[in-house]
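Sequence lines set the chain letters: A, B, ... in the order given, protein chains first and strands last, and positions in each chain run from 1.
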Amino acid sequence: MLDIAILRKEPELLRRNLEKRFSDIDVDRLLELDKKLRKQKAELDNLLSNRNKLSKEIGIRKKKRENADDLIKKVNETAERIKETEALYNEKYDEFMKIWLLVPNLLDDSVPFGKDENDNVEVKRWGDIKNFDFKPLEHFEIATKLDILDFERGAKLSGSRFVVYKGAGARLERALINFMLDLHTKQHGYKEIIPPYIVNEEVMVGTGQFPKFRDEAYETDGQYLIPTAEVPLVNLHREEILKESDFPIKYVAYTACFRKEAGSYGRDVKGIIRQHQFNKVELVQFTKAEDSFDALEELTNDAQEVLRLLGLPYRVVILSSGDIGFSAAKTYDIEVWLPGQNRYREISSCSNTLDFQARRASIRYKKDSKMHFPHTLNGSGLAVGRCVVAILENYQQEDGSVKIPEKLVPYFGSEFIR
RNA sequence: GGAGAGGUGGCCGAGCGGUUGAAGGCGGUUGACUCGAAAUCAACUGUGCGCAUCUGCGCACCGCAGGUUCGAAUCCUGUCCUCUCCGCCA
């Protein structure tokens, strides 16, 4: 949620921002509703104020055992008007909020203008892309031959976009989770969290999933499966007033993530690139407003470190205005090289949401006796399944085996998958 | 799942129909004392919204949503949550 002052004082800024994002939010409608809402509020407050004064007076008279029938009669005359005005105000409020919650975050100036992922701007490359003496296979081909991923049985149990990890595959996934958690907790200063995987409606609103992306979430008895650990981690401090000295707050969590992937039919149907359920190690930071862009660089680097230690080539791109997410002001995607696909694929997305989520979730801190909203950042560190994909493809051998990256061997327990 | 207790400000905790946004304590801020600190004393100290923006004024909020009433933290209904006991169970 944006500061409403932006709508009132800088509607042109808001308009330009929405254009860059190809959003069809009607700013004029918002301005109009806000104006009406304020007028309605003033009217209601006046009526209530009047009633409060009279009621107080009645109380004083009754205490003195005096008659107050004239005053009671007077108040009763306004009762109906109060009811009507209140109803009207609530109606206008709901109408305004319905749109307001759909307004995306303001983009940072460094975000390139563009329609989609083709307009993302590469800012960094790391690692040497290996030349294979044979035609490198895609991960699902390697995995099926090694019998470490079972797509058929995944489908049998749960349908498409579900998989069963078996043997060394399951062990590789687990090794990666532990490797990432150890790195971020021991080297990068994050506190490890195991959050609930099922959350309430308000929590989904807090991080920006709802109301816009309601279709993406699995629902169960009015609660929702988390699409990312970002949701519970950021909301950990919802409706709290933090201390200035608390910052920066850095959390890391491994969780399963659940996404319906509505509207992605036909994309990445083969393999484990796009699953309804997948594992992710997530990084979240809360910072003071002035520190968030430095924190974004740090967090993105923390995520990259996983790939560097695993010797996986990658690049970093800044998402363009048309590709960036709803809550983010700026996002770096980290894309890992996949020789089987002969291209880079997203393995992490690191965003600064400024105070957008903090406002939605009402997370604040006091500074100089004034309330401030902290900034929240999130990033995958990393998507575990896609990391498995990257290892299988980058470390595949001609004989069909897969070498385990040196730093991962202590976690995995052996040097090869055969 | 059954029975009971309870949800009040950053925290603890009183209030149980009237001038209560809410006693008291803790915490916090500022000042006094001190070479400094501690202790002590004094003052201040909830959040959100609207209006005015030089001190200000009004409204709302005592889990949440309704209701009763001239008036609700206090009464009623529903709902959510927490705790205790029993049952079941990883």
* Starting from C1' on B/G50, measure out to OH on A/Tyr93 and report it in whole angstrom. => 13 Å
* Structure fact -> Taken to the nearest whole Å, NZ/A/Lys62 to C1'/B/U19 is 16 Å
* Return the value, rounded to whole Å, for the distance between atom NZ of A/Lys73 and atom P of B/C70. => 15 Å
* Structure fact -> Where RNA chain B forms runs of at least three Watson-Crick or G-U pairs (i with j, i+1 with j-1, under 3.5 Å), the stems are B:1-7 with B:80-86, B:10-12 with B:24-26, B:27-32 with B:40-45, B:46-51 with B:56-61, B:63-67 with B:75-79
* Round to a whole Å and report the spacing from CG of A/Leu47 to P of B/G50. => 19 Å
When you compare the protein's N or O atoms with those of nucleotides 58-65 of chain B, which come within less than 3.5 Å of each other, and at what distance?
| unit_1 | atom_1 | unit_2 | atom_2 | d |
| --- | --- | --- | --- | --- |
| B/G58 | O3' | A/Ser49 | OG | 3.2 |
| B/G58 | N2 | A/Asp45 | OD2 | 3.2 |
| B/C59 | OP1 | A/Asn52 | ND2 | 3.2 |
| B/C59 | O2' | A/Asp45 | OD1 | 2.8 |
| B/A60 | OP2 | A/Asn52 | ND2 | 3.3 |

* Any donor-acceptor N or O pair under 3.5 Å, side chains A/Thr207, A/Gln209 -> yes
* May I have the distance from A/Lys370 (atom NZ) to B/G48 (atom P), rounded to whole angstrom? => 11 Å
* Which nucleotide in B/G50, B/U47, B/G71 has an atom nearest any side-chain atom of A/Arg38 -> B/G50
* **Salt-bridge criterion met for A/Arg38 and A/Asp45 (N-O under 4.0 Å)** => no
* Atom P, compared across B/C85 and B/G10: separation rounded to whole Å -> 30 Å
* **salt_bridge(A/Glu19, A/Arg16) N-O dist < 4.0 Å** => no
* Between B/U34 and B/U29, how far apart are the P atoms? Round to whole Å, please. => 22 Å
* Answer yes or no: does atom CD of A/Glu152 have more than 12 heavy-atom neighbours from other residues, nucleotides or ligands under 6.0 Å? => no
* Find the distance A/Phe96:CZ to B/G50:C1' and express it as a whole number of Å. => 14 Å
* To do: Take A/Lys366 and A/Lys83, find for each the nucleotide of RNA chain B with the closest heavy atom, and name the residue whose nucleotide sits nearer the 5' end.
  => A/Lys366
* Pair A/Glu261 + A/Arg274, salt bridge at N-O below 4.0 Å -> yes
* Measure from CD1 on A/Ile241 to C1' on B/G46 and round the result to the nearest Å. => 7 Å
* Determine the interatomic distance between P on B/G6 and the same-named atom on B/C59; round to the nearest Å. => 33 Å
* Asked: Would you call the rings of A/Phe162 and A/His276 parallel, tilted or perpendicular, where under 30° means parallel and over 60° means perpendicular?
  -> tilted
* **Pair A/Asp355 + A/Arg360: basic N to acidic O under 4.0 Å** => no
* Could you measure between the two P atoms, the one in B/G71 and the one in B/A60, and give it in whole Å? => 12 Å
* Structure fact -> Of A/Leu54 and A/Ala42, the one whose closest nucleotide on RNA chain B sits nearer the 5' end is A/Ala42
* To do: Using the C1' atom as the reference point in each nucleotide, state the distance between B/G63 and B/G9 in Å, no decimals.
  => 14 Å
* Asked: If we take the P atom in both B/C62 and B/G21, what is their distance in whole Å?
  -> 12 Å
* N-O pairing of A/Arg51 and A/Glu57 below 4.0 Å -> no
* Tell me what A/Arg8 touches on the nucleic acid: a base, only sugar-phosphate, or nothing, going by heavy atoms under 4.0 Å. => sugar-phosphate
* What interatomic distance, in whole Å, is found between P of B/G66 and the corresponding atom of B/C12? -> 27 Å
* To do: Between B/G31 and B/A38, how far apart are the P atoms? Round to whole Å, please.
  => 13 Å
* Asked: What's the CG-P distance between A/Asn200 and B/C81, to the nearest Å?
  -> 8 Å
* How about A/Lys156: does its NZ atom have over 12 heavy atoms from other parts shown lying under 6.0 Å from it? -> no
* Asked: Is the closest basic N to carboxylate O distance between A/Glu95 and A/Arg29 below 4.0 Å?
  -> yes
